[in-house]
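Let me begin by presenting the structure, written as structure tokens, before commenting on it.
Each chain gets a letter, A, B and so on, in the order its sequence line appears, and its residues count up from 1. All values reported here derive from a predicted model rather than from experimental measurement.
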2 protein chains.
Amino acid sequence: MAVQDHTFSHVDCEACPIRHRAVCARCDADELERLEEIKYYRTFEAGQTVIWSGDRMDFVASVVEGIASLTQAMEDGRTQMVGLLLPSDFVGRPGRETAAYNVVATTRLTMCCFRKKPFEAMMLRTPHISQRLLEMTLDELDAAREWMLLLGRKTAREKIASLLAIIARRDATLKLASATGQIVFDLPLTREAMADYLGLTLETVSRQISALKRDGVIQLEGKRHITVPDMDRLMDETGDDTDGGVYI
Amino acid sequence: MAVQDHTFSHVDCEACPIRHRAVCARCDADELERLEEIKYYRTFEAGQTVIWSGDRMDFVASVVEGIASLTQAMEDGRTQMVGLLLPSDFVGRPGRETAAYNVVATTRLTMCCFRKKPFEAMMLRTPHISQRLLEMTLDELDAAREWMLLLGRKTAREKIASLLAIIARRDATLKLASATGQIVFDLPLTREAMADYLGLTLETVSRQISALKRDGVIQLEGKRHITVPDMDRLMDETGDDTDGGVYI
DNA sequence: CGGGGGGTTGATCTCCTTCAATCAACGTGG
DNA sequence: CCACGTTGATTGAAGGAGATCAACCCCCCG
């Protein structure tokens, strides 16, 4: 996904690329108008930290463009990514004073921020927002639980295949390409970020990617550009229950 | 926690033991009355399966008494617990037709079930319910993410210590005992269930419990009865960030 | 008495980590 | 333009934490 050049100094909500998927998806014109009053945009370069865990946080936000990661760290440096934030995903928790995780921009990142106090007030008056947020939170909980299975029980090879499958699937839906043909995409993550996501070391990530390449499951150009010649083959490697189902 | 003998054929919501923590916590008398109309109780013996993943589910529920586990399984039998359901926890997802996980009663279990359709209809009219459900879901998401760190990055010993600490803490608050003295509790889980929760084998669980006992971190009577002579010592073993904070 | 469920312990194996060397791409300053 | 440092990635060798396979124990119950 090419980085775009929008400045986002101000964008009309109606024209927003994540209008129908974000926390504001159910809002009517009137409600959007009130959101416009409390929103502002912030942009971060790849690698920049958006928030440190424990920091005071006086906004919540939607990811508009780019990718961010949610990570937790132990004192000795061991790090686990606990969420990958894609466009339309929500950041922050209403009712909470401080950030619970580190948020880092993985790519160039634009967020639509809402001042927390007014947003919380608005949530009480606007069921459309809480309803959508509940739905999104339930989805995230499902994703987190799927990831728990991966972290707790999958082999390194299965972990890598699962991550590639998720990214491939997401990219395929974005591009509206049929999932039957070759799937081509760029990894939005470094090997280290992948390792943090998968609960592995970056060396193991590198080795397993090489192994999948050697076995013809994927093709690599450069470090990041990936071709999946046969999606079913990749799915077989994930260890997931496929039983002929469609991978949504 | 002793298994109680309530039949729960019908209990007045006002007298319910989880009245102030469950999904109905914020409901007023009027709203409770409407909930009474769509609720019914079900009880399961330890070991019984409440729902199989994929099964049609025409209710949602609150755990009233006992413990249930939420598990995900791979075809080859590898199993990962993705949630431990304690009294007041919510089961099921409004808007979803089929169960996403296996739900198994770990102890004798009583649930307060709501017929799904009327419950969903009521949610739309009753912000008190959705608000509370959102709050509970956000808490569960945090718990799931904490568990991701455990699964992805902690050693077997740290995993065991973390689980013991969580159970000890919960029991201490239930008993309103000061957390400073000795903490004594019974494990509500078999070694196998612990293994499924921690992403380990039951042999490793057994070995690590023996090691913690050998090192004096815990004392064991029988297989399940545990004494923690020094909670700080146990916390040190979890690998978590303590920096003098109170363990809530 | 036999059997089964839950648990412990031992021996061995293996997958992943750790430590380390090397490489390619890139920018930067002399 | 080249030397140099940096960053991200690959690959190798060695070691170890946890898995696997297996024997055995304890206790309860029919």
Along DNA chain C, first and last positions that approach a heavy atom of chain B under 4.0 Å: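 Going 5' to 3' along DNA chain C, contacts run dG7(C) to dA11(C).
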
For atom CD1 of Ile209(A) and atom P of dT10(D), their distance in whole Å: 6 Å

Rounded distance (Å) that lies between atom C1' of dA9(D) and atom CD of Glu192(A): 11 Å

Sugar-phosphate, base or nothing in reach of Ser206(A), heavy atoms under 4.0 Å: base

Pairwise salt bridge (Lys or Arg N to Asp or Glu O under 4.0 Å) hits with a residue in residues 144-161 of chain A, at least two apart: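 For residues 144-161 of chain A, and leaving out neighbouring residues, the salt bridge (Lys or Arg N to Asp or Glu O under 4.0 Å) pairs sorted by first residue read Arg145(A)-Glu140(B), Arg153(A)-Asp196(B), Lys154(A)-Asp240(A), Arg157(A)-Asp215(A), Arg157(A)-Glu237(A), Glu158(A)-Arg78(B).
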
Results of side-chain contact (heavy atoms from CB on, under 4.5 Å) for Ala165(A) - residues two or more places apart only: Arg169(A), Met231(A), Leu234(A), Met235(A), Thr238(A)

Residues which pass side-chain contact (heavy atoms from CB on, under 4.5 Å) with Met136(B), listed by chain and number, not counting sequence neighbours: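 In terms of side-chain contact (heavy atoms from CB on, under 4.5 Å), with neighbours along the sequence ignored, Met136(B) is linked to Val23(B), Phe90(B), Arg132(B).
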
Sugar-phosphate or base contact per nucleotide [nucleotides 13-30 of chain D; S, B, -; heavy atom under 4.0 Å]: B----SSBBB--------

Plane angle bin for Tyr40(B) and Phe59(B) - parallel if under 30°, tilted between 30 and 60°, otherwise perpendicular: perpendicular

Step-by-step side-chain contact (heavy atoms from CB on, under 4.5 Å) determination, Met148(B) to Met148(A): CA-CA 6 Å; Met148(B) 286 170 68; Met148(A) 286 171 67; 3.9 Å; yes

Short side-chain to backbone donor-acceptor contact, Thr107(B) and Ala105(B), under 3.5 Å: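 The answer is no, because no donor-acceptor pair under 3.5 Å joins these two groups.
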
NZ/NE/NH1/NH2 to OD/OE distance under 4.0 Å, Asp142(B) and Arg93(A):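 Yes.
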
Any residue meeting side-chain hydrogen bond (donor to acceptor under 3.5 Å, both in side chains) with Arg214(A), in chain and number order, not counting sequence neighbours: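 Arg214(A) satisfies side-chain hydrogen bond (donor to acceptor under 3.5 Å, both in side chains) with no other residue.
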
